[in-house]
Amino acid sequence: MRINKKRQVEARIRQYSRNHFGRYLFFIVLGLFVIFIGRFFYVSVFHRANGKNLTAMVQKLYAKETMIPAKRGTIYDAEDQPIAEDTTTYSVYIVLSKEAVNYGKKEYLPSSQKEKAAQVLSKNLSMSYTKVLRAINMGLNQHLYQVELGTAGKNISLETKKRIQAAKVPGIKFTAQQNRLYPNGIFASHLIGITKSKDGDLTGITGLEKQYNRLLKGENGVKKSSAAGQGLQGLKTAQKEKPAKNGDNIYTTINPQLQTYLETLMSKADETYHPENINAVLMDAKTGAIKAASQRPTYNAQTREGMDKMWRNTLLEDAYEPGSTMKAFTVAAAIDSGHFNPNEYYRSGTYSIDGSKITDWNPSGWGYISYAEAFFRSSNVVMAHLEEKMGSKTWLQYIKKFGFLKSTNSGLGDEAQGSIQYQYPIDSANTSYGQGINVTVLQMLQAYTAIANNGKMIKPRLIDKIVDPNTGKTVYQSHTTTVGKPIKASTAAKVRELMEGVVYEKNGTGKSYQIDGYKVAVKTGTAQIASTDGGYQRGETNNIFSVAGIAPADNPRYILYVTVKKPKTFAGQNEGQMVASIFNPLMKQALDEDTSGYQATSIAMPDVKGKKVAQAQKQLLEKGLQVTVVGNGTKIKAQSVPAKSSLISGARVVLLTAGTKQMPNITGWSRSDVVALQDILGITIKTSGSGYVAKQSVKAGTNLAKVKQIEVKLK
């Protein structure tokens with residue numbers, strides 16, 4: 001009996017446990033069901049999952065697909081050749097979310113086709129099948145909306161994009177990015193500047209790219225689109241069609257031949273003398289147009305090589321004590337105010353002002369010499385005498401009349417304004433020979449235009465015009481701008497005559513600057529550099545060596561200003577010969593071009609598409625163009641330069657035909673020519689170096705049918 005009762009009690013306990021377990025299980029299942037329903041309701045109503053707004057993500061997807069990217073404006077040199085231009089690349093991404101449905105059409109990658117997607121993508125990208133499939137599976141497991149493929153999926157060419165799209169795998173999408181191409185490398189790179197990409201948009205961060213970013217970037221357009229995502233009730237992405245407005249094109253005053261030559265001269269001087277810094281600017285004396293400008297250190301705008309050495313534009317951002325090149329303005333002020341007699345004599349060597357001593361670069365002096373000879377010899381003492389004669393108030397007025405202590409507002413970027421130490425008599429005396437006053441390169445150039453241009457001071461300018469490519473209209477045309485007349489025409493003529501004496505007189509400091517066939521007027525400079533202890537650095541090379549020159553002296557055409565800071569060696573020469581290694585050949589080249597009546601011939605590109613190869617070649621060759629034909633077809637399918645585009649004589653045009661395409665010999669081609677070939681072939685061409693093509697990875701004559709990438713070395 002006891003055993004039976006015990007068994008009954010155990011049975012009741014087991015039944016009770018089962019009942020309670022069943023209840024617990026029921027409530028657990030009910031709770032999970034409620035959570036599931038709640039989650040579904042939350043996603044349906046609020047369109048959010050995993051902290052992300054699904055509506056926004058889908059809208060972003062469709063926004064990418066319907067956006068028409070605007071082309072960033074091109075920056076040209078004075079011969080209408082591109083210095084900075086856009087090139088389009090693409091990035092691939094894979095949509096995995098089943099929420100991506102457009103008008104009932106699946107816009108996502110079904111799980112059943114993930115192997116096919118991996119196969120297609122690995123075949124066309126530098127990424128293995130395994131890695132692509134792993135990325136897709138990871139995205140599916142983590143319920144990601146979409147996945148990208150890292151660097152392998154970026155900067156894809158149009159041809160690669162078309163090959164992937166031809167496989168018609170749903171869910172594989174592309175976004176276009178406008179990349180910036182700088183075909184000439186270091187060519188005026190600090191002036192032109194560079195861009196950076198953010199969310200597919202290019203933004204200028206230095207130079208003209210930054211200064212005119214608003215005009216260059218344009219406005220993206222929108223394709224006509226209306227979509228609704230299933231599972232996201234009420235989602236609408238209806239958008240009105242709006243064409244893209246391409247950015248404005250900027251035409252500069254840079255002469256490509258002179259700029260290229262200057263870059264060569266600067267690089268050679270940099271390698272020979274190893275200075276801390278070099279600046280050089282060639283400017284049209286009559287118009288203010290900058291024909292060539294460069295600095296060292298510099299950087300390659302295409303590769304960004306060298307940017308760690310010098311980011312800023314020292315031509316306008318750095319202020320420094322100019323030294324003796326300032327003496328031309330002291331003499332000009334003294335002549336203009338009636339305080340200069342070239343035949344008056346004084347004792348050179350040293351001079352005391354309020355207990356402070358002013359010393360000539362030759363402390364012993366040259367005895368009693370005339371004021372004219374003092375200018376030829378670049379005497380500090382005579383400048384102190386002239387400043388005293390004028391008075392500090394008058395001299396300061398002329399300093400300001402010449403445009404110092406304020407920005408030139410040349411539109412090239414943020415300029416330093418300069419500064420002056422002008423509290424005591426010794427301070428104002430020091431400024432007369434270029435100490436105690438800080439200036440910029442652009443301020444010096446602008447001030448020298450008054451001497452070169454018969455008293456009229458002309459603003460420097462780099463922009464010639466800005467054109468809206470959407471309408472073809474010129475939205476801005478620059479003009480010669482007179483910003484003052486600090487001195488009389490007769491004063492300017494007398495100063496130029498004295499500057500000639502610096503070059504041709506027996507005791508002149510500028511004998512190194514004589515140029516065969518041309519009369520040159522210059523003022524040399526050797527400026528001390530301030531040290532951290534409040535004095536000046538010592539040592540033969542711890543100076544800024546400079547020259548400001550005008551040529552021809554009797555009818556000024558150009559102003560060239562060159563500064564070389566702290567060279568490590570003179571390489572067996574003197575400081576004048578060092579600076580002249582840049583000044584003389586560049587000035588002569590400019591004058592030779594000017595006197596020979598050099599002018600690039602502008603050619604309108606004809607439309608040769610559909611014409612027979614021989615006929616098209618003949619037409620282009622007769623216009624003075626270089627022609628390269630790719631393909632063995634009989635008629636022209638495409639041309640690298642659009643019809644009606646402006647070209648200069650000798651420019652290269654690539655023509656494409658049907659049939660077998662063979663690699664041309666591109667030795668000697670410029671980077672812009674290589675880019676034109678890449679665009680017309682649809683094959684990625686990677687370039688390295690700067691200059692012109694020296695080597696190509698694919699030999700001339702090679703069938704290009706299976707070639708995906710070509711490597712080119714420039715030199």
Side-chain angles (χ1 to χ4, degrees), residues 52 56-72 85-97 100 102 107-109 113-114 116-129 131-140 142 144-182 194-203 205 217-218 220-223 225 227 237 244 246-247 302-304 675 678-679 681-687 708-709:
K52 296 182 179 180
M57 293 181 71
V58 175
Q59 286 176 333
K60 186 176 181 182
L61 168 66
Y62 290 124
K64 286 181 179 178
E65 292 179 345
T66 59
M67 184 186 75
I68 306 172
K71 180 183 177 184
R72 189 174 177 86
E85 59 183 329
D86 268 12
T87 179
T88 303
T89 59
Y90 301 87
S91 293
V92 64
Y93 63 98
I94 308 163
V95 179
L96 303 176
S97 175
N102 183 16
E107 297 286 354
Y108 61 89
L109 177 69
Q113 295 201 45
K114 62 183 182 180
K116 182 180 179 182
Q119 185 180 18
V120 170
L121 292 170
S122 62
K123 183 180 178 181
N124 290 281
L125 305 176
S126 56
M127 193 172 183
S128 68
Y129 171 87
K131 287 185 177 180
V132 177
L133 188 59
R134 186 187 304 151
I136 294 172
N137 284 329
M138 181 197 71
L140 289 170
Q142 295 182 11
L144 299 179
Y145 187 85
Q146 66 187 54
V147 292
E148 299 177 0
L149 300 177
T151 55
K154 296 179 179 178
N155 296 321
I156 298 170
S157 69
L158 176 61
E159 189 67 24
T160 301
K161 173 177 175 282
K162 287 180 177 178
R163 287 199 299 267
I164 295 173
Q165 287 177 319
K168 297 183 178 178
V169 179
I172 299 179
K173 304 293 180 180
F174 299 87
T175 55
Q177 298 92 32
Q178 299 301 111
N179 282 344
R180 203 63 165 163
L181 177 68
Y182 301 92
I194 57 172
T195 61
K196 69 175 181 180
S197 178
K198 185 177 181 181
D199 296 331
D201 291 328
L202 294 174
T203 301
I205 55 175
K217 70 178 183 180
N220 294 331
V222 179
K223 297 176 185 176
S225 172
T237 59
N246 293 330
Q302 182 65 26
T303 65
R304 310 296 170 95
V675 172
Q678 173 183 260
D679 291 343
L681 290 178
I683 298 175
T684 300
I685 303 180
K686 288 191 173 181
T687 60
K708 294 182 180 179
Q709 182 172 296

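Annotation: Lys162, atom NZ; neighbour count of heavy atoms from other residues, nucleotides and ligands within 6.0 Å does not exceed 12. Applying the 6.0 Å contact sphere to NZ of Lys71 captures no more than 12 heavy atoms from other residues, nucleotides or ligands.
Residues Val120 and Ala167 approach most closely at CG2-CB, 3.6 Å, considering heavy atoms. Nearest heavy atoms, Ala70 versus Gly218: CB-C, 4.2 Å. Nearest approach of Ala117 to Ile136, heavy atoms of both residues: CB-CD1, 4.2 Å. What you find for Ser157 and Gly682 is that their closest heavy atoms are OG-O, 3.9 Å. Shortest non-hydrogen contact noted between Leu149 and Ala135 is CD2-CB, 4.0 Å. What you find for Leu158 and Tyr90 is that their closest heavy atoms are CD1-OH, 3.6 Å.
The structure places CG of Leu144 at 11.5 Å from CD1 of Ile94, a figure rounded to the nearest 0.5 Å. Taking NZ of Lys217 as the start and OG1 of Thr195 as the end, the distance is 13.0 Å to the nearest 0.5 Å. Ile156 CD1 to Thr89 OG1: the interatomic distance, rounded to the nearest 0.5 Å, is 8.5 Å. Rounded to the nearest 0.5 Å, atoms CD1 (Ile172) and CD1 (Ile164) are 7.0 Å apart. Taken to the nearest 0.5 Å, the NZ atom of Lys196 stands 10.5 Å off from the CZ atom of Arg304.
Ser91 meets the side chain to side chain contact (heavy atoms under 4.5 Å, CB included) test with Lys154, Thr175, Gln177; sequence neighbours excluded. With sequence neighbours left out, the side chain to side chain contact (heavy atoms under 4.5 Å, CB included) criterion links Lys131 to Met127, Ser128, Arg134. Take Arg163 and apply the side chain to side chain donor-acceptor pair (under 3.5 Å) test, not counting sequence neighbours, and it matches Asn124, Thr160. Residues that satisfy the side chain to side chain donor-acceptor pair (under 3.5 Å) test with Asn246, not counting sequence neighbours, are absent from this structure. Gln119 meets the side chain to side chain donor-acceptor pair (under 3.5 Å) test with no other residue; sequence neighbours excluded. Under the side chain to side chain contact (heavy atoms under 4.5 Å, CB included) criterion, Val675 pairs with Leu181, Asp679, not counting sequence neighbours.
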Exercise for the section: I would like to know whether Leu140 and Leu109 meet side chain to side chain contact (heavy atoms under 4.5 Å, CB included); could you show each step before the answer? Expected result: CA-CA 10 Å; Leu140 289 170; Leu109 177 69; over 6 Å; no
Exercise for the section: Any chance you could lay out the side chain to side chain contact (heavy atoms under 4.5 Å, CB included) test for Tyr145 and Val95, step after step, and finish with the verdict? Expected result: CA-CA 6 Å; Tyr145 187 85; Val95 179; 4.3 Å; yes
Exercise for the section: Decide side chain to side chain contact (heavy atoms under 4.5 Å, CB included) for Gln678 and Thr684; before the verdict, give the C-alpha distance in whole Å, the side-chain angles of both, and the deciding distance to 0.1 Å. Expected result: CA-CA 6 Å; Gln678 173 183 260; Thr684 300; 4.2 Å; yes
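Within the 3.5 Å criterion, the main-chain N or O of Leu202 finds a donor-acceptor partner in the side chain of Arg72. One N or O on the side chain of Gln302 and one on the backbone of Tyr182 form a donor-acceptor pair closer than 3.5 Å.
Inter-residue side-chain proximity for Glu159 and Ile683 is flagged as unmet; no heavy-atom pair is nearer than 4.5 Å. Proximity of Leu133 to Lys114: side-chain heavy atoms (C-beta onward) are separated by under 4.5 Å at one or more points. Considering only heavy atoms from C-beta on, Val92 stays 4.5 Å or farther from Lys173 through its side chain. Val169 places none of its side-chain heavy atoms less than 4.5 Å from the side chain of Leu121.
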